[in-house]
Asks: 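My structure is below; once you've seen it, I'll send some questions.
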Amino acid sequence: MSQNHVSRAGRTPGARRRRPHAVVGASVVGGLVVIAGAAYAVGYVMAGDNTPKNASVQGIPIGGMPAQEAERKLQKQIAPKAEAAIILKGPDKQASIKPAAAGLSVDYAATVRAAGAGRSWSPLHIVNVLRGGGSLDLVTTSDPAKLKAAVTAVAPQFAVEPRDASLAVVGGKAKITEAVQGQSLDVDKATAEVRQAWLERTSVDAPLTTSDPQITTEAVTSVAEQQLSPVLSGPIPLKTRDGKAFEVPQQALVASTTVKQTGTTFTVSTDMKKLFAGSQDSIATLKYPQGRNASIQLQGGKPVVVPSIDGRGVTEANFIKAVQPVLARTGAERTAVVEVTKVPASYTTADAQKAGVKEVTGEFTTQFPYAEYRNNNLSHAAAGINNTYLKPGDTFSLNRVLGERTAGNGYIDGYVIEGGVLKKEVGGGVSQSATTTYNAAFFAGLEDVEHHPHSLYFPRYPAGREATVYYGSLDLKFRNNTNYGVLVQAYVNKAAPGGMGSITVRIWSTKIYTVKSSDLVKSNFTTGKVITSKDPKCEYQAPIRGFDVHYSRLFYQGGSLVRTEKFFWRYSPGDEIKCAS
């Protein structure tokens, strides 16, 4: 028989009985939720668009302000500081960093929102609004890459390359140029310090790294004090065994002493040969008998050896032996005794006799019509050329031998060619001495170094085989390319009125070759124009025909042709110049 179990008080079996305090707890929680929700809603409503009443940013009150007004107030008061350039200061240089260009800026809108302006369901926002807000920091933005780039851009302003100290002789004294320490901006440190300084201060000490030069001022000063300054400290007194005295001049020491730098090492050296040469005037005060080198001179129209004479005095070797040990001494220790001995001639009689100047190896004569300027100028030129001696390897230069042709040197006005026109100039006509000398050297077989034929042809000269000179631009040069001495002889036979004069040049040496000239082959003839000139100084000029000329210098030995040198020249035509009346 089945049974149904009914619980007391109408409860079904197994059901639990609710306790009274659980019902009460649920009611309380529900009430709190309702209250909190109401407060949350009130806070949301209270926030509105204005900032909380107690809101401030870095001491600037913005409470109760609409968001835009608060932004404007903050910007007005903070912008001057936020936008001010930050100065990187070095010991003697500085650079400016502009925050905007460096990616540093203030977000005023975000700052005002953070202060509590505007509605938000964020619990923190609601709480901040309900408690009336408070003080907070600016909201800023930064771009690290732009900031570093801005600092990197100004780094070169602080860069200093290290410079070594140097030493030289200036004004007769040791001159030290001090070393310079290198420096560079530490970009990473400078970037961090600029970021930290922004909004706090407007200047930052530039963080610099230094680098030392390889040669310090101290090292150079040591060389100057110990090696150079003593040498330059004053003249060096010298005495001879027979009681005479002279001194090595201060200026000679200065001129002979140099400082050479090799890597980081300085070497002070004195050119003793140069010092000896610079002391000759001082040595001459000893008045010992002077020697004389042998020479070869023309006497009676022929070369004669003038014997050498040995002298007595201070030789270079004895000078160096006495002076070198005391160069770096000072005071009373800066003196020495020098030996006086026989001074042999540097070019002896035997040297001159072996030079082989014994026969004419080349000779040439040119003639000229009477003109006083030719007589005068060619005579001066011949006198300057005459007795010129060339050792083996020496080069003859007509401009060097004669110097500038001026009135002060005895020359007068004569005709020269300028721009294809004959004009008067001091020293005109001297080119005839160049042509004559060139041909003498040509037939002597000497090396042609420089010669310039005239631009116009004159029948008194061999076509092409002639030369002109002009001081400072055109020269006649030939080299003694033999193993013998060469002596040049030159003389003039002056022209009488209505007659002809001549200039002759001879080369004396030892004959090596018999030199001949080939035929002077002319071709390609040309003619100029007829020009009428209104120049008050105009002088009639006859027409001159132009042409090409080819010739060769032929060298013979033992009757056989052993060498040939080819020459070519092109003459310009000379215009006929008529003078307008």
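Computed from a prediction, not measured in an experiment: that's the story for all the values here. Residue numbers count from 1 along this sequence.
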Asks: Can you tell which of T435, T436, T504 makes a side-chain hydrogen bond (donor to acceptor under 3.5 Å, both in side chains) with T366?
Replies: T436
Asks: Quick one: pull up OG1 in T315 and CD1 in I283 and give me the separation to the nearest 0.5 Å.
Replies: 9.0 Å
Asks: Please check if atom CG in D271 has more than 12 non-hydrogen atoms from other residues, nucleotides or ligands closer than 6.0 Å.
Replies: yes
Asks: Just by distance, with hydrogens left out, do T482 and N480 show a side-chain donor and acceptor under 3.5 Å apart?
Replies: yes
Asks: Could you label the plane-to-plane angle of the H550 and F568 rings as parallel, tilted or perpendicular, counting under 30° as parallel and over 60° as perpendicular?
Replies: tilted
Asks: State, to 0.1 Å, how close A345 and R292 come at their nearest heavy-atom pair, and which atoms those are.
Replies: CB-O, 3.6 Å
Asks: State, with a plain yes or no, whether a side-chain heavy atom of R465 is found less than 4.5 Å away from one of N439.
Replies: yes
Asks: About how many Å separate CG of L402 and NE2 of H380, when rounded to the nearest 0.5 Å?
Replies: 11.0 Å
Asks: Run the side chain to side chain contact (heavy atoms under 4.5 Å, CB included) check on S431 and V469 step by step: do they pass?
Replies: CA-CA 6 Å; S431 286; V469 288; 4.1 Å; yes
Asks: Taking atom CG of N483 as the centre, report whether more than 12 heavy atoms of other residues, nucleotides or ligands fall under 6.0 Å from it.
Replies: no
Asks: Which atom pair, heavy atoms only, marks the closest approach of A352 to I296?
Replies: O-CD1, 3.7 Å
Asks: Give the minimum heavy-atom separation between A444 and V515, together with the two atoms involved.
Replies: C-CG2, 4.4 Å
Asks: Is any side-chain heavy atom of E565 closer than 4.5 Å to a side-chain heavy atom of F555?
Replies: yes
Asks: Evaluate side chain to side chain contact (heavy atoms under 4.5 Å, CB included) for V488 paired with V401, printing each intermediate quantity in order.
Replies: CA-CA 11 Å; V488 185; V401 167; over 6 Å; no
Asks: What distance separates L238 CG from S279 OG, expressed to the nearest 0.5 Å?
Replies: 8.0 Å
Asks: Tell me, yes or no, whether the heavy-atom count around E178 atom CD, taken from other residues, nucleotides or ligands under 6.0 Å, exceeds 12.
Replies: no
Asks: Does the pair N386 and R506 meet the rule for a side-chain hydrogen bond (donor to acceptor under 3.5 Å, both in side chains), with working shown?
Replies: CA-CA 9 Å; N386 196 48; R506 289 175 179 159; over 6 Å; no
Asks: Checking D394 against Y389 for the side chain to side chain contact (heavy atoms under 4.5 Å, CB included) test, could you report, in this order, the C-alpha distance in whole Å, the side-chain angles of both residues, the deciding distance, and whether it holds?
Replies: CA-CA 9 Å; D394 283 354; Y389 182 72; 5.8 Å; no
Asks: Would you call V549 and F567 a side-chain contact if the rule is heavy atoms closer than 4.5 Å?
Replies: no
Asks: Is it the case that atom CG in D519 sees more than 12 heavy atoms from other parts of the structure closer than 6.0 Å?
Replies: no
Asks: Go through the steps to decide whether T258 and S269 satisfy the test side chain to side chain contact (heavy atoms under 4.5 Å, CB included), and finish with yes or no.
Replies: CA-CA 6 Å; T258 56; S269 61; 3.5 Å; yes
Asks: Can a cation-pi geometry be assigned to K244 and Y288, taking NZ or CZ under 6.0 Å from the six-membered ring centre and within 45° of the ring axis?
Replies: yes
Asks: Ring of F442, cation from R553 - is the NZ or CZ under 6.0 Å from the centre and inside 45° of the axis?
Replies: yes
Asks: Give the ring-plane orientation class for F478 versus F396, where under 30° counts as parallel, over 60° as perpendicular and anything between as tilted.
Replies: parallel
Asks: Under the side chain to side chain contact (heavy atoms under 4.5 Å, CB included) test against L327, which residue among M272, Q227, R334 passes?
Replies: M272
Asks: Is it the case that atom CD in Q299 sees more than 12 heavy atoms from other parts of the structure closer than 6.0 Å?
Replies: yes
Asks: Looking only at non-hydrogen atoms, find the nearest pair between A168 and L228 and report the distance.
Replies: O-CD2, 4.1 Å
Asks: Quick one: does V492's side chain get under 4.5 Å of K494's, heavy atoms only?
Replies: yes
Asks: Check whether any side-chain heavy atom of E450 lies under 4.5 Å from a side-chain heavy atom of S397, and answer yes or no.
Replies: no
Asks: What do you reckon, is NZ of K511 surrounded by more than 12 foreign heavy atoms closer than 6.0 Å?
Replies: yes
Asks: With side-chain hydrogen bond (donor to acceptor under 3.5 Å, both in side chains) as the criterion, how do S184 and T209 come out once you've worked through the C-alpha distance, each side chain's angles and the decisive distance to 0.1 Å?
Replies: CA-CA 5 Å; S184 59; T209 58; 2.8 Å; yes
Asks: Would you name the heavy atoms of Q432 and R374 that are closest together and state the gap between them?
Replies: OE1-NH1, 3.8 Å
Asks: Does the pair D212 and Q181 meet the rule for a side-chain hydrogen bond (donor to acceptor under 3.5 Å, both in side chains), with working shown?
Replies: CA-CA 5 Å; D212 294 327; Q181 191 176 53; 2.9 Å; yes
Asks: Is the closest side-chain donor-acceptor distance between E339 and T341 under 3.5 Å?
Replies: no
Asks: Would you find a donor on one side and an acceptor on the other, under 3.5 Å apart, between the side chain of T210 and the backbone of G182?
Replies: no
Asks: So, for L398 and A434, which heavy atoms are closest and what is the spacing to 0.1 Å?
Replies: CD2-CB, 3.7 Å
Asks: Run the side-chain hydrogen bond (donor to acceptor under 3.5 Å, both in side chains) check on S295 and Q297 step by step: do they pass?
Replies: CA-CA 6 Å; S295 62; Q297 298 179 8; 3.3 Å; yes
Asks: Can you classify the ring geometry of F458 versus H454 as parallel (below 30°), tilted (30 to 60°) or perpendicular (above 60°)?
Replies: perpendicular
Asks: Report the relative orientation of the aromatic rings in H451 and Y438; use parallel for angles under 30°, tilted for 30 to 60°, perpendicular for over 60°.
Replies: parallel
Asks: S517 versus L554: any side-chain heavy-atom pair under 4.5 Å?
Replies: no
Asks: Distance from L378 atom CG to S433 atom OG, nearest 0.5 Å?
Replies: 6.0 Å
Asks: Quick check for you: to the nearest 0.5 Å, what is the distance between E466 atom CD and L476 atom CG?
Replies: 11.0 Å
Asks: Is there side-chain contact between P235 and V248, with heavy atoms separated by less than 4.5 Å?
Replies: no
Asks: Just so I know, are the side chains of N293 and S308 near enough to count as touching, which here means a heavy-atom distance under 4.5 Å?
Replies: no
